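See below for the structure under consideration.
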Amino acid sequence: KNEVEQSPQNLTAQEGEFITINCSYSVGISALHWLQQHPGGGIVSLFMLSSGKKKHGRLIATINIQEKHSSLHITASHPRDSAVYICAVPHKYGNKLVFGAGTILRVKS
Amino acid sequence: KAGVTQTPRYLIKTRGQQVTLSCSPISGHRSVSWYQQTPGQGLQFLFEYFSETQRNKGNFPGRFSGRQFSNSRSEMNVSTLELGDSALYLCASSLQTGGTDTQYFGPGTRLTVL
């Protein structure tokens, strides 16, 4: 079993829809990262959180430490949100990041 | 403040050659982490340097090595290139250790091994 599991693998939405991407992890962690990667490769760090909820514009990230689960929500989705969304957690030994496989999001207008 | 820069952006090499990639972190950041991204394996951690010392290492063969200079700039080297080394190589910098600090990624170096 991978340490970090994301779902769904692929997601297609209509513009304006509310989107949820899920991330489950198997080890105790001190922080969880959500990253966004656009076509062409550039990666942007969206959130780093260790508890509760964070919000930035239309993006909301939540984490439940007891359930080892995090969600990334996008409200009022837009075609420019089309990207790969990746969650990552520090490995239990040494803090190196372990990544989920990513969720490919396509928002249609 | 300038972002993370990586050079070169694209590189084509042949099997058996070696390659050196460079990463300049955001000013003031002391941690530089390197990652390899391939379609089959996704993103994988290579190593992290902090204040010129390798702090963490991923599960890659010894052909992959790196170093960090006193100005925090980092280089990674891959010797005896194999076809499977074709990938996007990303570096990221952070103020403190990369696992529990926000990481800022560079644009990546796309390496093609023929």
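Note that the structure is predicted; figures quoted are calculated from it, not measured. In the text below, chain A, chain B and the rest are named by the order of the sequence lines, each starting its count at 1.
Using a 4.5 Å cut-off between heavy atoms, A/L35 contacts chain B through its side chain alone, with no backbone atom that close.
Under the 4.5 Å side-chain heavy-atom criterion for Ile, Leu, Val, Met, Phe, Trp and Tyr, B/Y104 and B/L95 are members of distinct hydrophobic clusters. Under the 4.5 Å side-chain contact rule for hydrophobic residues, A/L49 and A/I74 share a cluster. Side-chain heavy atoms closer than 4.5 Å link hydrophobic residues (I, L, V, M, F, W, Y) into clusters, and following such links, possibly through other members, connects A/V89 to A/I21. B/M76 and B/F50 fall into different hydrophobic clusters, where Ile, Leu, Val, Met, Phe, Trp and Tyr are joined by side-chain heavy atoms under 4.5 Å apart, directly or via other members. Clustering ILVMFWY residues whenever any of their side-chain heavy atoms sit less than 4.5 angstrom apart, transitively, puts A/V98 in the very cluster that holds A/I63.
Closest approach of B/D101 and A/H33 over heavy atoms only: O-CE1, 3.3 Å. For the pair A/F99 and B/L43, the tightest heavy-atom approach, listed with the atom from each and the gap, is CD1-O, 3.4 Å. Heavy atoms only, all atoms of each residue included: A/L97 and B/F45 are closest at O-CB, 3.7 Å.
Atom CE of residue A/M48 and atom CD of residue B/Q103 lie 9.5 Å apart, to the nearest 0.5 angstrom. The distance from the CD atom of B/Q37 to the CD1 atom of A/I43 is 5.5 Å, given to the nearest 0.5 Å.
Note on residues 15-70 of chain B: pairs passing disulfide bond (SG atoms under 2.5 Å apart), not counting sequence neighbours, are B/C23-B/C91.
Around atom CD of A/Q14, more than 12 heavy atoms belonging to other residues, nucleotides or ligands sit under 6.0 Å away. For B/R15, the CZ atom is loosely surrounded, since the number of other residues' heavy atoms within 6.0 Å does not exceed 12.
Chain A is approached within less than 4.5 Å, heavy atom to heavy atom, by B/K57, B/G58 from residues 57-65 of chain B, ordered by number.
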